[in-house]
Amino acid sequence: MVMRKGPWMAEEDEILIEYVRKHGPRDWSSIRSKGLLPRTGKSCRLRWVNKLKPDLKTSGCKFSPEEERIVIDLQARFGNKWARIATYLPGRTDNDVKNFWSTRQKRLARILRTPLPSRSSKNHGKTPISSHEVAHLEVINQTDCIES
DNA sequence: AATTGCACCAACCGCACAAGA
DNA sequence: TTCTTGTGCGGTTGGTGCAAT
């Protein structure tokens, strides 16, 4: 069977959901060996965990300030243990947390690189910095000073 | 109107680890 | 004991849409 890669089609999702309904979320690699889907076990598992599993928050649902706070706090405690951090956030997956964090890191890196905007200048419609982020930024700044 | 920069998201890859042959 | 296979995790990339230029 020719292996498929890339985005999942609705029909593939249906097959995967049906497989999990019958067999549970395990034996991912037998989905391919049984000829049900031309996808690797890894790909099937990832699709299930991140998109198809029940009780997930719908994609496009932004992190709330509370969720943000939790991630920032837990990342400081555990490091980049996204799967672990995700267990504290109902409906979020490790991928969600990871994506949230890396977007945030890029944004913070850019803010640190550029001079502070004047009071009158617009924020270009970008996500504003929340107060707890400002606090965290100060920590990063101090760390940078120590490191450099 | 076209281009650019950014945020967000989905899915891949490589590595590590555990279980079983 | 070593090798193989399946699974889970973290890092990363590539695509899309939108707002600003």
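Per chain, numbering begins at 1; letters A, B, ... match sequence-line order.
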Would you kindly give the CH2-to-C1' distance between A:W48 and B:dA10, to the nearest whole Å?
17 Å

Distance-only donor-acceptor test, A:N50 side-chain atoms vs B:dA11 base atoms, 3.5 Å
no

Residues which pass salt bridge (Lys or Arg N to Asp or Glu O under 4.0 Å) with A:R4, listed by chain and number, not counting sequence neighbours
A:E12

Has A:S43 got a side-chain atom pairing as donor or acceptor with A:T40's backbone, closer than 3.5 angstrom?
no

Between A:D73 and A:R77, does any side-chain N to carboxylate O distance fall below 4.0 Å?
yes

Any carboxylate oxygen within less than 4.0 angstrom of a Lys/Arg side-chain nitrogen, looking at A:E67 and A:K57?
yes

Spell out yes or no: do the side chain of A:K81 and the base of C:dG10 have one donor N/O and one acceptor N/O closer than 3.5 Å?
no

I need the CG-C1' distance between A:D96 and B:dA7, as an integer number of Å.
15 Å

When you check the phosphate oxygens OP1 and OP2 of B:dC13, does a side-chain N or O of A:K5 lie under 4.0 Å from one of them?
yes

Taking OP1 and OP2 of B:dA11, is either one under 4.0 Å from a side-chain nitrogen or oxygen of A:R47?
yes

In numerical order, the residues of residues 8-22 of chain A whose heavy atoms come under 4.0 Å of DNA chain C are none

Phosphate contact (B:dC6 OP1 or OP2) by A:R110 side-chain N/O below 4.0 Å:
yes

A:W8 six-ring centre to A:R39 NZ/CZ under 6.0 Å and within 45° of normal:
yes

Contact check, side chains of A:N50 and A:D94, non-hydrogen atoms, under 4.5 Å:
yes

Should A:R84 be listed as having a side-chain N or O under 4.0 Å from OP1 or OP2 of C:dG10?
no

What's the CZ-P distance between A:R107 and B:dA7, to the nearest Å?
6 Å

Contact residues, residues 28-44 of chain A to DNA chain B [heavy atom, < 4.0 Å]
A:R39, A:K42, A:S43

Please say yes or no: joined through hydrophobic side-chain contacts below 4.5 Å, possibly via intermediate residues, are A:L89 and A:W101 part of one cluster?
yes

What I'd like to find out is whether the side chain of A:K34 reaches to under 4.5 Å of the side chain of A:H23, using heavy atoms alone.
yes

Phosphate OP1/OP2 of C:dG11: any A:N80 side-chain N/O under 4.0 Å:
yes

Is the phosphate of B:dA7 approached by A:K106 (side-chain N or O, under 4.0 Å from OP1 or OP2)?
no

Using only side-chain N and O atoms of A:W82, determine if any of them is under 4.0 Å from OP1 or OP2 of C:dG11.
yes

Which whole-number value in Å describes the distance from A:Q75 CD to C:dG11 C1'?
14 Å

Rounded to the nearest angstrom, tell me the gap between atom CD in A:Q105 and atom P in C:dG10.
15 Å

To the nearest angstrom, how far is A:D94 atom CG from B:dA11 atom C1'?
12 Å

Just say parallel, tilted or perpendicular for the rings of A:F63 and A:F100, cut-offs at 30° and 60°.
parallel

Is there a path of hydrophobic side-chain contacts, each under 4.5 Å between heavy atoms of I/L/V/M/F/W/Y residues, joining A:L36 to A:W48?
yes

How is A:N95 classified with respect to the nucleic acid when contacts are heavy atoms under 4.0 Å: base, sugar-phosphate, or nothing?
base

Nearest whole angstrom, please: distance from the C1' of C:dT13 to the CG of A:L46.
14 Å

How many Å lie between CD1 on A:I111 and P on B:dA7, as a whole number?
8 Å

